Every structure is written in structure tokens, then in C-alpha cells.
Amino acid sequence: MHRWSELFIPTLREAPADAEVASHKLLVRAGYIRQLGAGIYSFLFLGNRSTQKIMRIVREEMDKIGQEFYLPALNPREIWEASGRWTVMGDNMFRLKDRKGADLCLGMTHEEVMTDIARKELRSYKQLPQIWYQIQTKFRDEPRPKSGLLRVRQFIMKDAYSFDIDAAGLDVSYQKHYDTYCRIFDRCGLKYMVIDAHSGAMGGSQSQEFMVRTPAGEDLVVSCEKCNYAANMEKAISKLAPVEDLKAEGDGQPLEVHTPGQKTIEDVARFLGVSPKNKIKTLAMMITEEDADAGAKTGKTRQRAVVLLMRGDHQMNEAKLSTAVGGKETRPMQEEEILALFHSPAGYLGPLGIDWAKNMEEPRKPILLVDKALEGRTNLIGGANKENYHVKNLTPGGSFHPTAYADLRAVTAGEDCPNCGAPLRIDTAVEIGHIFKLGYKYSESMNARVLDRNGKEVAPIMGSYGIGIERILTAAVEQSSDENGFWLPPSIAPFEVVVVSTNSKDEGIRTASEDIARQLEAAGFDVLLDDRDERPGVKFKDADLVGIPFRVNVGKKVTEDTVEVVRRSTLAREDIKISAITEYFQQLRPAAR
RNA sequence: CGGGACGUAGCGCAGCCUGGUAGCGCACUUGCUUGGGGUGCAAGGGGUCGCGAGUUCAAAUCUCGCCGUCCCGACCA
């Protein structure tokens with residue numbers, strides 16, 4: 001039996017000054033974790049018990065669809081060279097040399113090692129599909145570890161990889177993971193949402209993230225309360241209310257108007273007596289791209305102008321822009337660059353009089369990207385590329401020709417859900433899981449090949465699927481805490497019940513506590529008996545702090561065969577007959593587990 | 001990497017400006033006390049003041065360098 005008096009559960013009355021977010025403060029105060037360095041944490045008894053339970057759930061569910069491996073965290077440079085990620089990962093990868101001077105690194109993830117096994121061992125389509133997973137420590141030299149366990153440099157991840165003969169097979173493996181992940185997070189008692197994720201620069205492949213709303217989160221998630229629409233800010237869309245276009249003025253051709261000193265959207269709109277919705281916002285950016293003229297793969301780069309047109313009241317999302325230009329890095333133009341292209345100072349920029357690229361493939365010429373919200377709009381007002389002048393009667397596709405239309409707009413809270421029209425909300429959230437159709441990236445770069453039905457050599461198609469073990473714990477704490485502590489779902493709590501002996505000097509109370517704890521344990525519950533010689537107040541405070549969802553207070557009423565059960569989440573208490581205590585918890589169990 | 005803050009007992013902090021014996025609360029030890037929300041009293045133990053140089057008769061305190069941690073930003077399949 002687990003007796004508090006014999007355990008090391010170092011609870012703290014005050015949180016360390018370093019701790020900022022609730023989960024960090026509470027996990028330290030509750031004696032779950034201690035910090036060793038920036039983004040490096042030790043797990044003590046309670047913390048380890050909880051993460052072990054999480055891993056058990058993950059294992060049980062993953063074993064239904066895959067096979068568990070255990071791969072090395074220490075990796076030779078070669079396989080990372082093969083995939084091209086030795087360079088790509090940059091300073092985020094921990095690197096070291098062995099005594100012979102050979103380069104090694106600590107694994108940030110295990111596509112390379114898994115694919116290495118696959119390329120050495122898989123020969124035939126008959127061996128596919130395969131789903132291999134492991135639970136392993138990952139190392140990432142984060143530029144800024146923070147928020148306690150949310151962004152760390154060493155953490156445990158369940159990572160899984162699927163190998164299929166074709167895209168249809170990958171769809172099946174992907175769906176299996178989706179279903180498994182839902183079961184895992186349901187069993188862990190988390191309130192989560194699944195969002196469409198930005199699938200990276202390459203695009204195309206499907207990717208979804210499992211997110212938990214919390215103020216401590218670092219990602220922004222757009223979601224609908226009514227239906228299940230949810231998406232990353234980088235992917236989110238919304239339905240816009242229709243806007244009434246202005247009437248054409250004069251002959252309908254672009255018409256210059258004098259707007260002295262009116263630089264901002266608001267100023268111009270007010271000055272001309274129109275809504276910002278009828279204005280064009282012109283954003284001038286630069287991208288760095290490979291210099292194709294210098295010959296392919298010379299590594300030479302050049303700068304290219306990308307001009308964006310947005311509706312006057314809209315904001316641009318940089319990730320969407322990056323996707324629109326094929327994943328290249330973007331930056332705002334500098335003043336000289338603006339003058340060189342527009343021959344006008346900022347504040348009066350517009351699309352007229354510039355020789356735009358006709359399509360994205362056309363090299364050298366500046367790119368004009370127009371946000372989809374402006375597609376089909378007419379008679380807009382934009383800058384004239386002339387100081388103190390704007391232009392009326394601007395119509396995309398008419399008075400000027402965009403290189404392309406693209407979704408560039410950042411969704412804002414309260415806009416309409418694209419599926420059902422209900423208002424959208426935007427929250428910060430933590431990513432606890434990610435499923436991703438990798439495609440052929442690793443099997444091709446690392447040369448994994450199998451023979452298909454026709455005896456033809458083909459690369460298996462891969463998926464990769466991750467779950468952050470500690471993040472499940474952290475998210476659960478964030479989701480269920482108050483200033484006195486937190487309460488975990490019984491399935492991942494270090495103990496399900498804490499039995500508090502309120503007076504260890506009272507023989508009747510002491511023996512009743514022991515009996516109850518023993519009984520519950522015999523019935524299969526994880527029980528912690530607080531048998532310390534402490535005042536009841538101390539024990540209650542600790543019990544509230546350490547994340548155990550149920551508490552049994554054994555007090556004076558033992559003489560009436562009665563104890564008090566307290567539910568930590570609601571602090572609701574009820575008197576229960578000692579003789580009925582096991583039955584009481586057994587009845588609770590289906591809901592509690 | 002840019003900006004900012006901090007580093008004094010296990011935790012939270014004061015002392016530093018104005019250089020001279022290192023302090024408070026909690027925790028810990030012992031005794032008594034108390035026993036349903038961090039009980040009270042008493043007596044104790046515990047510190048290379050982050051590290052290194054410099055100034056000075058004398059440095060936690062002033063100067064310089066380094067290290068560490070946190071926050072904002074950049075970054076982050």
C-alpha cells in the first residue's frame with residue numbers, strides 16, 4: 001500500500017519565481033517535477049506515475065494497430081545527411097562528436113532511423129502495410145524553452161510511422177491513427193479538437209493536429225462552437241458578409257483623386273466618404289528565391305517583389321502568404337525597394353502601371369497576389385503610385401491583372417463559420433498530437449524500395465504520427481486547475497483516490513483509514529493513504545494540490561460507519577457508509593475511467 | 001540572435017543606492033501544545049551572497065568579464 005508518510009512527495013506552498021504558466025507552477029508545487037536546466041525537467045514519483053499511466057494508455061491503443069520498437073536516441077550523421085535534414089535542422093539539433101571525431105546527433109524525431117530499417121529490410125509489397133511505433137525521448141535545442149513542460153529541450157514522444165504500397169493504403173493507415181488518437185485522448189480525459197494543419201511548404205499532403213485549448217498555448221486555433229469546424233490560423237477560412245461595391249464614376253476607367261496627406265486606409269476612407277471595405281490595402285513584400293538564370297542548383301539567390309492586395313479592413317497572415325509563394329521566406333520591402341518598384345512613397349501604393357508577372361512561373365517580374373476576398377469585386381479605391389493621389393474604379397481582372405488570386409487573409413474572431421455560419425472563435429492551444437501524410441519524402445531520399453505486384457521497384461509511401469506524452473499531462477493540468485491545485489482524470493492521475501486519515505492519534509480513525517485504503521486497493525483502485533502525523537488542514541491542502549480526483553476523509557464519523565467523499569473537480573462532498581465505499585467507487589468507475 | 005529583468009539557506013524574498021558582524025517568512029530538527037482547512041510556544045541546524053578578476057585596509061554591496069534562469073520578440077515538419 002502507498003503510504004504518504006513513506007513517500008517522497010515534496011509539495012511547496014509557493015511556486016518558484018521562474019514559473020509563469022499554471023501547469024508549470026502547479027506541477028512543481030505538487031512535487032511532480034523539478035527543473036534541472038532550461039527546458040530540462042526531472043520527473044519525481046507522482047509525475048512519473050502519471051506519465052507512465054499516459055504511456056500505458058498510448059501503448060494499449062497503439063498495439064491495436066501497430067508494433068512497438070525501441071530506437072536509439074543517439075544517431076550517426078549519415079542517415080540525417082541522407083534525408084537532407086542534417087542541414088535543414090540547423091541549430092535545433094543537438095550535435096556531438098564521438099572519440100574518433102565522428103559526428104553524431106540526438107534524435108529530434110525518427111523518420112530517418114525508421115526509414116533506414118525499412119530500406120534495409122522491406123523488399124516486397126507483401127510485407128506492407130507496416131505500422132511501427134516507439135515511445136522515446138526526443139531532443140530539440142529550442143531557441144527559447146518556456147512555459148514549463150510545454151516547450152522543452154528533452155521530452156518523451158510516441159512516434160509512429162506507416163509504410164504502404166500506395167496512397168490508398170496510406171489513407172487507411174492515416175485513418176487508423178486518427179481513430180486511435182481519438183481513443184487515446186478520450187481515455188486520457190482531455191477536451192481536444194482536431195484541426196486541419198498547415199501541411200508545410202510542400203503542400204498537398206494531409207495533416208491534422210490534435211489541440212487542447214489553454215491560455216498557455218502557443219498556437220492559434222480557429223474553431224466553431226456549433227459544428228466541428230476547426231483549423232489552424234494558417235489554414236482557417238471564414239464566410240464573409242457580402243459587401244456592396246461602389247458605383248463606377250465617370251467613364252468607369254481608373255480615376256485619379258487628390259487625397260493630400262491621406263496615407264492610411266482609415267484616413268482615405270474617411271476623406272472620400274467610403275468604407276474601408278471598398279478600399280484596397282497594398283502590401284509590399286520581398287521573397288528570396290533561387291536564381292534560375294544562374295543555372296539550377298547553383299545556390300545563388302535573388303530578391304523578387306511580391307505585392308499583395310487585401311480588402312482595406314483585412315489583415316494578412318504570413319503563413320498563408322508563405323504558402324502562396326511556394327514556401328519561400330518573405331519580408332516587408334524597405335523604403336528604397338518600394339520607391340524603386342512603385343516610384344511612389346508608401347501610403348499611395350497601388351497595382352496600376354507596373355508590369356506584373358502573368359503567372360507564378362513567369363520569372364523575374366514582380367508578383368501581384370490578390371486576396372480572394374477581392375475576387376469579383378469592382379470599383380475599389382487604391383493608391384495611385386503618386387504622392388497625395390488615390391485611384392477610383394479599380395477592378396481586379398479589369399483595370400489590372402493579378403498574377404494569382406490567393407487566400408492571404410487572417411480570419412478574425414466572430415466571423416462566420418465556413419460550414420455552418422455560426423460565429424468563429426480564436427483561442428490559443430497546445431498541440432498534443434499530430435498526424436501527417438509524409439508521402440515519399442524519406443523513402444525516396446533514403447532509397448527505400450519494394451517490389452510491387454508487377455515486380456516493379458517502387459518507394460513505399462509513408463506517414464508519421466506523433467504524440468507528446470508530457471504535453472498530455474500538462475494540457476490536463478491546464479484544463480483542470482484552480483489556485484489551490486489541479487485534478488487529473490482518474491485514468492492518468494498518479495492515484496485515483498487519496499484516503500485522508502484526519503487524526504492519526506485516534507485509533508478508530510487510523511484503523512478505519514487503513515481498512516478503507518486496503519479495501520479500495522483490493523478492488524483495483526490506485527489508492528494513496530495519507531497517514532502522516534499532520535494536522536487535517538495540512539493534509540486537505542496537499543490533497544487538493546496534487547491532482548488526485550477523489551478524496552476520502554476519514555474523521556469522527558467513523559463511529560457511525562461514515563466517511564466523507566470529496567470530488568476534487570467540484571469540491572462536492574457526500575457522506576458514504578464505510579461498508580459501501582468500494583461499491584460507491586465501483587459505480588463511479590465507468591464514468592471515471 | 002535582438003531587447004529587458006533576475007541570480008543572497010530547500011522555496012519565497014529583504015539587505016546593495018550610501019562598502020564594515022548576512023537577515024525575514026515558510027520548510028527542516030528537538031520538546032511541549034493542537035487535532036476538520038497550512039495550530040501555538042520555545043530552543044536549534046542550515047549560506048563559497050552564481051563564477052572569476054579588479055578597486056579598497058575592508059566587497060553580498062562599487063567596476064569589468066563570464067555563466068545561468070526567466071520574460072518580450074525573432075525562430076519553431
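The sequence lines fix the lettering, A, B, ..., with proteins before strands; numbering per chain opens at 1. Everything quoted here is computed from the prediction, not taken from an experiment.
- Straight-line distance from the CD1 atom of A:Ile9 to the P atom of B:G38: 20 Å, rounded to whole Å.
- Between A:Phe210 and A:Tyr178, the two ring planes are tilted [angle within 30° to 60°].
- A cation-pi arrangement is present between A:Lys437 and A:Tyr174 under the rule of less than 6.0 angstrom and at most 45 degrees off the ring axis.
- Rounded to the nearest Å, the gap between the C1' atom of B:C66 and that of B:A14 is 27 Å.
- Side chain of A:Arg151, nearest nucleotide from B:G37, B:C76, B:G36: B:C76.
- Between A:Tyr32 and A:His24, the ring center distance fails the sub-6.0 Å criterion.
- A:Asp542 comes within 4.0 angstrom of a base, heavy atoms only.
- Taking atom C1' in both B:A60 and B:C6, one finds a spacing of 15 Å when rounded to whole Å.
- At the heavy-atom level, A:Arg34 lies nowhere under 4.0 Å from the strands shown.
- When all heavy atoms are compared, the tightest approach of A:Phe94 to A:Arg140 is CE1-C, 3.5 Å.
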**OP:** Spell out protein contact along nucleotides 24-34 of chain B as letters: B when the base is contacted, S when just the sugar-phosphate is, - when no protein heavy atom is under 4.0 Å; keep the 5' to 3' order.
**Re:** -BSS------B
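- Here the nucleotide nearest the side chain of A:Asn92, chosen from B:A77, B:G36, B:C76, is B:C76.
- Atom name P, nucleotides B:A53 and B:A58: the rounded distance is 15 Å, in whole Å.
- We find that CG of A:Asn503 is positioned 14 Å from P of B:U39, with the value rounded to whole Å.
- Nucleotide B:C24 forms a pair with B:G12, judged by Watson-Crick or G-U wobble geometry with both contacts under 3.5 Å.
- Donor-acceptor pairing under 3.5 Å, judged by distance alone, is present between the side chain of A:Arg551 and the base of B:G37.
- Atom pair A:Ile509:CD1 and B:G36:P shows a separation of 8 Å (rounding to whole Å applied).
- Closest non-hydrogen pair, A:Glu478 versus A:Thr214, comes out as OE1-OG1, 3.1 Å.
- For the pair A:Arg95 and A:Trp86, the cation-pi criterion (under 6.0 Å, within 45° of the ring axis) is fulfilled.
- Rounding to whole angstrom units, CD of residue A:Glu318 and P of B:C76 are separated by 11 Å.
- Screening residues 6-16 of chain A for salt bridge (charged side-chain N to carboxylate O under 4.0 Å, His left out), with sequence neighbours left out, gives no hits.
- At the heavy-atom level, A:Pro143 lies under 4.0 Å from base atoms of the strands shown.
- One can place CG of A:Leu545 at 14 Å from C1' of B:G37, the figure rounded to the nearest angstrom.
- Here B:U39 presents its P atom at 13 Å from NZ of A:Lys539, a figure rounded to the nearest Å.
- Nucleic acid contact class of A:Asn553 (heavy atoms, under 4.0 Å, all strands): base.
- Judged by distance alone, the side chain of A:Asn75 and the main-chain N or O of A:Pro72 form a donor-acceptor pair under 3.5 Å.
- A distance of about 25 Å separates the C1' atoms of B:G4 and B:C11, rounded to the whole Å.
- Nucleotides B:G15 and B:G23, compared at atom C1', are 7 Å apart to the nearest Å.
- Closest of all the heavy-atom pairs between A:Ile581 and A:Leu520 is O-CD2, 4.2 Å.
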**OP:** List the protein contact pattern of nucleotides 67-72 of chain B with one symbol per nucleotide (5' to 3'): B for base contact, S for sugar-phosphate-only contact, - for none; contact means a heavy-atom distance under 4.0 Å.
**Re:** --SSBB
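- You won't find any donor-acceptor pair under 3.5 Å spanning the side chain of A:Asp506 and the base of B:G35, going by distance alone.
- Nucleotide B:U34 forms a pair with no other nucleotide shown, judged by Watson-Crick or G-U wobble geometry with both contacts under 3.5 Å.
- Base contact: A:Glu564 has a heavy atom under 4.0 Å from a base atom.
- Closest to the side chain of A:Glu111, from the set B:G36, B:U39, B:A77, is B:A77.
- A pairwise comparison of heavy atoms in A:Ala236 and A:Lys320 identifies O-NZ, 2.6 Å as the closest pair.
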